[in-house]
Visitor: 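One structure is given below, represented as structure tokens, and several questions about it will come after.
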Amino acid sequence: MKDYRVEVKVKNNYLFRLMQSYGLNNAAELSRASGLAQTTIGKVLNLKAPALTKKGEVTAPVQTLCDFFVCSVYDLFPPQHINDPLETNFGAVEANMEELASSNLLAGGTDPL
């Protein structure tokens, strides 16, 4: 059995940085400010929802966010995810201390805390 479980969750940093610039720290705060459902914002933050429809039009929730932040869809999404949402944005790996240290995940430290 491995000593540690390392979990990684990919998020939309384009949107997250915009939120921070407006003083919004999470999906609940953005939901209250923008009027969008928190679950809808969660899908956009987790890159699980496309920005554009199959016809190339901006989806309604994304347009609401563009209007709220006064920006374009290209300011809200990484280019590779404008049309293609992630199937999954989560991964995990189990590792021993030696594996973590050799992978530089611990930046040369030996204490995972």
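Predicted, not measured: the structure shown is a model, and the values here were computed from it.
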Visitor: Between atom CD of Gln38 and atom CZ of Arg32, what is the distance when rounded to the nearest 0.5 Å?
Guide: 7.5 Å

Visitor: Indicate the atoms forming the closest heavy-atom contact of Ala37 with Ser31, along with that distance.
Guide: C-OG, 3.8 Å

Visitor: Would you check if Val10 and Phe90 make a side-chain contact, meaning some heavy-atom pair closer than 4.5 Å?
Guide: no

Visitor: Do you know the tightest heavy-atom contact between Val73 and Cys66?
Guide: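 Here Val73 and Cys66 meet closest at N-SG, 3.5 Å.
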
Visitor: Determine whether Leu65 and Tyr74 fall in the same hydrophobic cluster, where Ile, Leu, Val, Met, Phe, Trp and Tyr are linked whenever their side-chain heavy atoms lie under 4.5 Å apart.
Guide: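 Leu65 and Tyr74: one cluster.
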
Visitor: Identify the heavy atoms of Leu30 and Phe69 that sit nearest to each other, and give their distance.
Guide: CD1-CZ, 3.7 Å

Visitor: Just so I know, are the side chains of Pro61 and Leu36 near enough to count as touching, which here means a heavy-atom distance under 4.5 Å?
Guide: yes

Visitor: Should Asn12 and Asn46 count as side-chain neighbours, where that means a heavy-atom distance under 4.5 Å?
Guide: no

Visitor: Looking at NZ of Lys43 and CG of Leu45, how far apart are the two atoms once the value is rounded to the nearest 0.5 Å?
Guide: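 Rounded to the nearest 0.5 Å, the NZ-CG separation comes out at 13.0 Å.
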
Visitor: If every non-hydrogen atom of Lys2 is compared with every non-hydrogen atom of Glu99, which pair is closest and at what distance?
Guide: NZ-OE2, 2.9 Å

Visitor: So His81 and Leu86, do their side chains get closer than 4.5 Å, heavy atoms only?
Guide: yes

Visitor: Hey, does the side chain of Glu29 reach the backbone of Asn25 with a donor-acceptor pair shorter than 3.5 angstrom?
Guide: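 A pair under 3.5 Å: yes.
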
Visitor: With side chains defined as the heavy atoms from C-beta onward, is the minimum distance between Val93 and Tyr4 less than 4.5 Å?
Guide: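 Contact flag for Val93/Tyr4 side chains = no.
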
Visitor: Report yes if the side chains of Leu18 and Leu76 come closer than 4.5 Å at any heavy-atom pair, otherwise no.
Guide: yes

Visitor: Looking at Arg5, I'd like to know if its CZ atom is crowded, meaning that more than 12 non-hydrogen atoms belonging to other residues, nucleotides or ligands lie closer than 6.0 Å.
Guide: yes

Visitor: Would you name the heavy atoms of Tyr14 and Pro79 that are closest together and state the gap between them?
Guide: OH-CD, 3.4 Å

Visitor: Ignoring hydrogens, what is the shortest heavy-atom contact between Ser34 and Phe68? Give both atom names and the distance.
Guide: CA-CD1, 4.0 Å

Visitor: Going through the distances and angles, do Glu87 and Lys48 end up as a salt bridge (Lys or Arg N to Asp or Glu O under 4.0 Å)?
Guide: CA-CA 7 Å; Glu87 287 184 32; Lys48 304 284 273 169; over 6 Å; no

Visitor: Is it the case that the side chain of Asp67 and the backbone of Thr64 share a donor-acceptor pair, with hydrogens and angles ignored and the cut-off at 3.5 Å?
Guide: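 No: the side chain of Asp67 does not pair with the backbone of Thr64.
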
Visitor: Is it the case that over 12 heavy atoms from other parts of the model lie below 6.0 angstrom from the OH atom of Tyr22?
Guide: yes

Visitor: Could Lys9 and Glu7 be called an ion pair, given the rule that one side-chain N must be under 4.0 Å from one carboxylate O?
Guide: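 A salt bridge is absent here (no side-chain N lies under 4.0 Å from a carboxylate O).
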
